[in-house]
Amino acid sequence: MTNQSAATAAAVPVAVVTGASRGIGRAIAVELARLGHTVVVNYVRNAAAAEESVAEIVAAGGAAIAIQADVALAEDRRRLVEQTLRHYGRLDVLVNNAGITSPGRRDLLDATEESWDLVFDTNLKGPFFLSQAAAREMVRLIRSHAISQGKIVNISSVSAYAGSTDRADYSIAKSAMRMMTELFAARLADENIRVYEIRPGVIESDMTAPVKAKYDALIADGAWPIRRWGQPADVAKAVAALVADHFPFSTGDCLNVDGGYHVRRL
Ligand SMILES: NC(=O)c1ccc[n+]([C@@H]2O[C@H](COP(=O)([O-])OP(=O)(O)OC[C@H]3O[C@@H](n4cnc5c(N)ncnc54)[C@H](OP(=O)(O)O)[C@@H]3O)[C@@H](O)[C@H]2O)c1
């Protein structure tokens with residue numbers, strides 16, 4: 001499963017990318033590996049896909065390991081951080097990418113508590129407490145001079161402000177990521193840990209495959225100025241730019257990767 005020797009790992013920054021077996025997360029994992037990070041490819045169910053992500057990174061000369069963990073579960077989050085440290089001895093970057101859409105996409109008046117709990121546990125509680133667990137380790141590593149800085153990147157969505165009445169739980173959880181990003185940014189600035197949010201628009205992935213026709217029509221109508229589907233690599237390049245330290249005096253920021261969807265027009 002691992003292709004990285006402990007001896008070489010010590011000098012190389014380590015990035016944990018949740019939900020990196022497919023879609024946007026896989027692209028982020030590949031991009032961070034290209035940037036020189038050893039990558040922990042987290043997944044929940046799809047072990048074969050996670051190993052494909054690892055293989056893609058290794059084929060390009062990088063290093064990665066797949067670790068199964070459900071970000072919605074406290075014990076799994078604890079194990080994800082613990083296994084990362086056991087394998088590589090450090091943790092420099094956390095990308096909170098894992099997420100699910102609202103199961104069944106029910107109308108607001110038919111929305112269920114089961115869907116709310118699942119979406120909030122996965123898309124908000126998971127990232128919050130995983131950030132907490134990772135930040136504690138980053139602080140410890142920075143104070144002991146094992147690493148010099150840390151980064152946390154939260155992948156939210158244009159759904160944070162463009163609500164869908166058939167995905168209330170998803171929209172509300174994604175909008176709460178804004179405050180989560182700001183709180184961690186404020187708390188961790190003195191610790192030399194920077195925290196950012198990336199807000200993707202419509203990105204081609206398994207998540208959007210079932211609603212492809214709807215988005216094809218929106219793109220043809222010019223719903224966003226850059227008339228094409230967003231690609232996972234578009235998000236990955238933005239994450240890499242933040243992680244590459246091009247914004248040393250910025251924290252808590254939100255970067256839109258949405259083809260200009262957020263630009264108001266008359
Ligand atoms: N696609 C878009 O248009 C779009 C737009 C805005 C924001 N986003 C956000 O971007 C992120 C990635 O979206 P995507 O389109 O790449 O999704 P995707 O293709 O459905 O992939 C989801 C990934 O998350 C993992 N995952 C799901 N639940 C998990 C859990 N409980 N614990 C750990 N991993 C879990 C999956 O692992 P398995 O393979 O093991 O199932 C998979 O790797 C999500 O947060 C999503 O809300 C997407």
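Start at 1 and go down the list; that is how both ligands and their atoms are numbered.
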Does [X], backbone or side chain, put an N or O under 3.5 Å from an N or O of ligand 1?
| X | value |
| --- | --- |
| P200 | no |
| S21 | yes |
| I24 | yes |
| N123 | no |
| G25 | no |
| A72 | no |
| Y43 | no |
| T208 | no |
| N46 | yes |
| G19 | yes |

Which atoms of ligand 1 sit under 4.0 Å from any heavy atom of D206?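 Checking each atom against D206, I get 19 (O).
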
Numbered atoms of ligand 1 (with element) below 4.0 Å of S205, judged on heavy atoms: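 Those qualifying, in numeric order: 1 (N), 14 (P), 15 (O), 19 (O).
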
Going by heavy atoms, is S156 under 4.0 Å from ligand 1?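 In this structure, S156 qualifies as a contact of ligand 1 - some heavy atom is under 4.0 Å.
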
Proximity flag N97 to ligand 1, non-hydrogen atoms under 4.0 Å: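 For ligand 1, residue contact (heavy atoms, under 4.0 Å) with N97 is present.
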
Pair E137, R140 - check salt bridge (charged side-chain N to carboxylate O under 4.0 Å, His left out), show working. CA-CA 5 Å; E137 295 302 332; R140 183 182 59 78; 2.7 Å; yes

Could you go through the salt bridge (charged side-chain N to carboxylate O under 4.0 Å, His left out) check for R22 and E52 one step at a time? CA-CA 9 Å; R22 295 182 279 127; E52 278 177 29; over 6 Å; no

Protein heavy atom at shortest distance from [atom]:
| atom | value |
| --- | --- |
| atom 31 (N) of ligand 1 | D70 OD1, 2.7 Å |
| atom 3 (O) of ligand 1 | I203 N, 2.8 Å |
| atom 41 (O) of ligand 1 | R22 NH2, 2.9 Å |
| atom 34 (N) of ligand 1 | A98 CB, 3.5 Å |
| atom 29 (C) of ligand 1 | V44 CG1, 3.6 Å |
| atom 47 (O) of ligand 1 | Y170 OH, 2.6 Å |
| atom 22 (C) of ligand 1 | G99 O, 4.0 Å |
| atom 32 (N) of ligand 1 | V71 N, 3.0 Å |

Using a strict threshold of under 4.0 Å (side-chain N to carboxylate O), is an ion pair present between [Y] and [X]?
| X | Y | result |
| --- | --- | --- |
| R90 | D92 | yes |
| R178 | E197 | yes |
| E204 | K212 | no |
| R228 | D234 | yes |

Output field: ring centroids F184/F128 closer than 6.0 Å: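 Yes, the ring of F184 comes within the 6.0 Å limit of the ring of F128, centre to centre.
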
4.5 Å side-chain heavy-atom contact, I193 and I142: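 Yes, their side chains come closer than 4.5 Å.
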
Checking T208 side chain against S205 main chain: does a donor-acceptor pair fall under 3.5 Å?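 Yes, T208 side chain to S205 backbone: donor-acceptor pair under 3.5 Å.
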
Calculate, to the nearest 0.5 Å, the distance between atoms [atom1] and [atom2] belonging to [X] and [Y] respectively.
| X | Y | atom1 | atom2 | value |
| --- | --- | --- | --- | --- |
| S250 | D245 | OG | CG | 10.5 Å |
| L91 | R136 | CG | CZ | 13.5 Å |
| L80 | E75 | CG | CD | 11.5 Å |

[X], portion touching ligand 1 at heavy-atom distance under 4.0 Å:
| X | result |
| --- | --- |
| K174 | side chain |
| A69 | backbone |
| V235 | neither |

Say whether N96 and S131, considering side chains only, have a donor N or O and an acceptor N or O under 3.5 Å apart.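 On atom types as modelled, these side chains qualify, holding a pair under 3.5 Å.
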
Identify whether V243 and F247 are in the same connected component of the hydrophobic contact network (ILVMFWY, side-chain heavy atoms under 4.5 Å).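 Yes, because V243 and F247 connect within a single hydrophobic cluster, where side-chain heavy atoms sit under 4.5 Å apart.
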
